[in-house]
There are 2 protein chains.
Amino acid sequence: MLAPGFPHPIVQVMGNTESERTRQGAARLADVARLAGVSVATVSRALSRPDLLSTDTRDAVQRAITATGYRMNHAARNLRKGRTGAIVALVPNLGNPFFAKILAGMGAALNAQGYDLLVGDTMAPGGRHRALRRFLDPSRADGIILLDGQVTAGDLAALPGAPPVVMACEWIEGAPLPRVVLDNAAGTELAARHLLALGHRRIGWIGGPGDNVLHKARVKGLARALPDPGSGYAGDFTLESGVRAAERWLDTPAADRPTAVIGFSDESAAGFMGELQRRGVSVPEQVSVVGFDGIDWVAHLPVPLTTIRQPKRDLGSTAARVLMALIAGQPVEPCTVLAPQLVMRNSAGPAPS
Amino acid sequence: MLAPGFPHPIVQVMGNTESERTRQGAARLADVARLAGVSVATVSRALSRPDLLSTDTRDAVQRAITATGYRMNHAARNLRKGRTGAIVALVPNLGNPFFAKILAGMGAALNAQGYDLLVGDTMAPGGRHRALRRFLDPSRADGIILLDGQVTAGDLAALPGAPPVVMACEWIEGAPLPRVVLDNAAGTELAARHLLALGHRRIGWIGGPGDNVLHKARVKGLARALPDPGSGYAGDFTLESGVRAAERWLDTPAADRPTAVIGFSDESAAGFMGELQRRGVSVPEQVSVVGFDGIDWVAHLPVPLTTIRQPKRDLGSTAARVLMALIAGQPVEPCTVLAPQLVMRNSAGPAPS
DNA sequence: ACCAGCGATGTAATCGTTTGCAACAGTTCT
DNA sequence: AGAACTGTTGCAAACGATTACATCGCTGGT
């Protein structure tokens with residue numbers, strides 16, 4: 001199984017050539033200072049405020065730093081400065097790929113400003129409450145980006161002294177937290193108007209959980225475009241709920257059926273479309289389908305899905321920037337709204353005559 | 001107010017509200033100690049080694065802790081203990097949903113043992129080298145889980161004094177790092193034997209990048225089941241490469257075409273299948289398709305994809321456990337291999353007569 | 001000349017915890 | 001009764017950086 005000659009290291013070697021370090025430990029500020037013939041304060045300044053030093057000393061310190069291979073000790077700096085250098089992203093279910101792109105955007109924006117990205121999963125063993133207690137701690141993170149709208153204002157209030165919190169994607173009604181969100185209503189409105197333009201008049205939809213803020217906002221958007229949005233198919237954003245909606249659609253007499261259906265997520269739309277196709281209904285000839293989110297794979301279905309795309313990376317990076325501004329004490333927008341985009345593919349076509 | 005037998009501290013605390021904390025800052029060990037009438041050392045021990053204290057003091061400290069709302073300062077502890085309490089997962093492209101599930105498994109296992117999960121993206125702006133320099137730092141993390149096989153042994157050697165590293169999913173040829181991987185060869189072998197059992201004799205495949213370790217291992221597995229695995233369709237694990245493979249398949253005379261194709265990823269298999277379906281080829285009647293990875297959505301395609309499932313959460317949590325053992329100085333397996341699983345769905349059927 | 005002002009650097013306190021060592025009060029053993 | 005423990009607790013020194021304040025030469029204005 002193992003390649004012959006595979007070395008079995010228990011302890012990994014550390015290269016210890018001529019690189020100057022005291023003992024086995026890493027070089028400290030004091031080591032650099034000794035080598036450069038200056039005080040630790042000077043070395044510290046060379047790192048944080050180089051403009052304060054004369055060119056000569058700055059160079060000498062620089063040389064000593066490379067000679068020793070010095071790397072700053074974060075714990076020491078953070079202790080002294082009373083910060084942590086980390087931002088926690090609290091997501092409900094890290095395993096949900098929807099968040100992957102958002103995290104990527106956040107990570108890039110945060111790292112660029114010297115922050116680390118720490119991830120916490122509110123659905124992890126122990127539950128939401130435990131996750132909140134663990135991560136809403138000023139000594140663990142300088143700020144929190146909360147992507148879980150199921151957290152209540154009460155949960156948050158129970159953790160006094162928590163670092164600043166910014167909501168992203170979802171939000172909490174009544175909690176005065178800055179947020180970075182998609183214009184959800186505009187998204188469903190866009191979808192509905194697109195279908196209207198294609199001649200559809202009976203337009204159905206697959207909702208999310210009834211108490212979900214995204215669900216409510218998206219229903220509102222529908223109402224802006226449609227005289228009577230009706231009650232839609234119950235759903236929960238999952239593929240399975242799309243399959244169930246398809247079954248209900250099939251059970252309805254053809255004359256009463258929607259000729260187009262908007263899923264409140266790409267997954268429910270894809271589940272809906274897939275089940276219908278398996279039952280011999282053709283999309284978009286017999287029914288048009290529009291999704292919501294703009295996740296990658298729905299573009300590659302046998303019938304590529306028309307959808308409302310969320311700028312996921314932007315949502316992440318914007319949330320990160322808002323939080324960093326908040327931490328820096330700058331004034332921040334209470335609510336940053338990003339625009340959705342209609343991506344026309346093949347699953348939505350003209351209404352059947 | 002106080003329980004009857006409560007030992008009264010020598011120094012009486014300044015009376016203020018019930019939430020005892022010095023000024024605006026959070027309560028420190030010293031505040032708790034003052035309130036409980038003991039020394040800071042005792043409070044520290046109450047937290048880390050409660051067995052060392054008498055029941056009375058332990059209770060008194062406990063009361064003082066809840067009264068002050070004390071929460072430990074991580075920077076201070078980490079500085080003193082010479083650790084960070086964090087583990088970095090270095091992934092190539094955080095936006096790739098394949099890693100989401102793995103991260104979820106890692107996060108759960110790490111949090112359970114008191115570690116935080118820090119994520120780093122080797123594809124982030126600045127490139128791999130910058131990401132490595134940033135995260136392979138003993139003062140930032142106690143250990144690294146590297147999921148990027150494109151890193152070279154030289155890159156790693158250039159960072160002396162780095163914390164312990166464990167590879168997951170991918171690995172680096174010639175680097176003596178412990179690893180946690182899928183038995184990739186067993187995966188493709190499983191797929192090939194399944195197709196053989198269904199009567200297929202001309203079995204094609206869509207590979208990954210030629211120098212990729214996963215690709216090589218999977219080709220090897222094919223060779224264990226098939227007399228002549230041939231050269232396969234070139235690919236890179238993406239949906240698009242599956243589409244290209246479909247075009248090549250369509251260009252081949254029917255008598256020479258594979259009657260079954262194994263994708264080295266679910267995405268390439270789905271791209272292949274989707275393109276054929278759009279061109280009017282029916283799966284599995286005219287051609288069988290098997291994927292690799294077991295990502296969620298391919299189960300919900302119009303023709304659900306038969307695939308080789310990787311235990312993604314397990315890979316993540318196992319890698320985390322191996323790393324924690326390594327950090328604890330326990331001996332670890334140089335190579336932990338997890339078994340893949342054949343998931344039979346509808347895209348693979350009997351060979352056409 | 002003298003003093004204010006300035007630029008460059010050093011001194012030392014500080015951040016909040018952990019932990020080796022010492023101290024001390026009871027036992028128990030001889 | 002003294003020695004040798006044992007179980008609890010306190011004292012104080014780390015850990016490695018940052019930064020307010022002090023110091024020291026100089027320069028230039030008067």
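Within every chain, numbering begins at 1; the chains are lettered A, B, ... in the order of the sequence lines, protein sequences first and strands thereafter.
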Short side-chain donor-acceptor distance under 3.5 Å, B:Thr84 and B:Asp142: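 Yes.
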Which atom of B:Arg313 lies closest to which atom of B:Ala104, heavy atoms considered: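 Answer, listing the atom of B:Arg313 first, then B:Ala104: NH1-CB, 3.7 Å.
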B:Trp171 versus B:Val181, closest heavy-atom pair with distance: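 That would be CE3-CG1, 3.5 Å.
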Side-chain donor or acceptor of [X] paired with backbone N/O of [Y] under 3.5 Å:
{"X": "B:Ser48", "Y": "B:Ser44", "answer": "yes"}
{"X": "B:Thr318", "Y": "B:Leu315", "answer": "no"}
{"X": "B:Ser139", "Y": "A:Met72", "answer": "yes"}
{"X": "B:Arg45", "Y": "B:Leu53", "answer": "no"}

In the structure I gave you, are the side-chain heavy atoms of [X] and [Y] within less than 4.5 Å of one another anywhere?
{"X": "B:Leu177", "Y": "B:Leu156", "answer": "yes"}
{"X": "B:Val165", "Y": "B:Leu90", "answer": "no"}
{"X": "A:Tyr70", "Y": "A:Leu47", "answer": "yes"}
{"X": "B:Ile144", "Y": "B:Leu136", "answer": "yes"}

Throw together a table of side-chain donor-acceptor distances under 3.5 angstrom for residues 319-330 of chain A, partners on residues two or more places apart or in other chains.
residue  : atom : partner  : partner atom : Å
A:Arg321 : NH2  : A:Ser317 : OG           : 3.4

Pairs where residues 108-130 of chain B contributes a residue and the test salt bridge (charged side-chain N to carboxylate O under 4.0 Å, His left out) is met, not counting sequence neighbours: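 Qualifying pairs, neighbours excluded: A:Arg134-B:Asp116, A:Arg140-B:Asp116, B:Arg128-B:Asp148.
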Rounded distance in Å - [atom1] ([X]) to [atom2] ([N]):
{"X": "B:Met72", "N": "C:dC15", "atom1": "CE", "atom2": "C1'", "result": "14 Å"}
{"X": "A:Arg71", "N": "D:dA17", "atom1": "CZ", "atom2": "P", "result": "12 Å"}
{"X": "A:Asn73", "N": "C:dC15", "atom1": "CG", "atom2": "C1'", "result": "13 Å"}
{"X": "A:Arg49", "N": "C:dA8", "atom1": "CZ", "atom2": "C1'", "result": "13 Å"}
{"X": "A:Leu47", "N": "D:dT19", "atom1": "CG", "atom2": "P", "result": "12 Å"}
{"X": "A:Arg140", "N": "C:dT17", "atom1": "CZ", "atom2": "C1'", "result": "15 Å"}
{"X": "B:Arg77", "N": "C:dG16", "atom1": "CZ", "atom2": "C1'", "result": "12 Å"}
{"X": "A:Arg28", "N": "D:dT18", "atom1": "CZ", "atom2": "C1'", "result": "16 Å"}

Tabulate atom names and distances for all N/O pairs under 3.5 angstrom spanning the protein and nucleotides 24-27 of chain D.
none

Find every protein N or O atom lying less than 3.5 Å from an N or O atom of nucleotides 6-9 of chain D, and list the pairs.
residue : atom : partner : partner atom : Å
D:dT9   : OP1  : B:Ser54 : OG           : 3.1
D:dT9   : OP1  : B:Thr57 : OG1          : 2.8
D:dT9   : OP2  : B:Ser54 : N            : 3.0
D:dT9   : OP2  : B:Thr57 : OG1          : 2.8

Spatial distance of atom CG (B:Leu79) from atom CG (B:Asn73) [nearest 0.5 Å]: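 Answer rounded to 0.5 Å: 10.0 Å.
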Nearest-neighbour nucleotide for the B:Ala41 side chain, D:dA17, C:dG10, C:dT19 considered: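 Nearest listed nucleotide: C:dT19.
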Positions of residues 78-88 of chain B (non-hydrogen atom under 4.0 Å from DNA chain C), listed by number: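 Within this stretch, B:Arg80, B:Lys81 sit under 4.0 Å of the strand.
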What pairs of nitrogen or oxygen atoms, one from the protein and one from nucleotides 23-28 of chain C, lie under 3.5 Å apart?
none

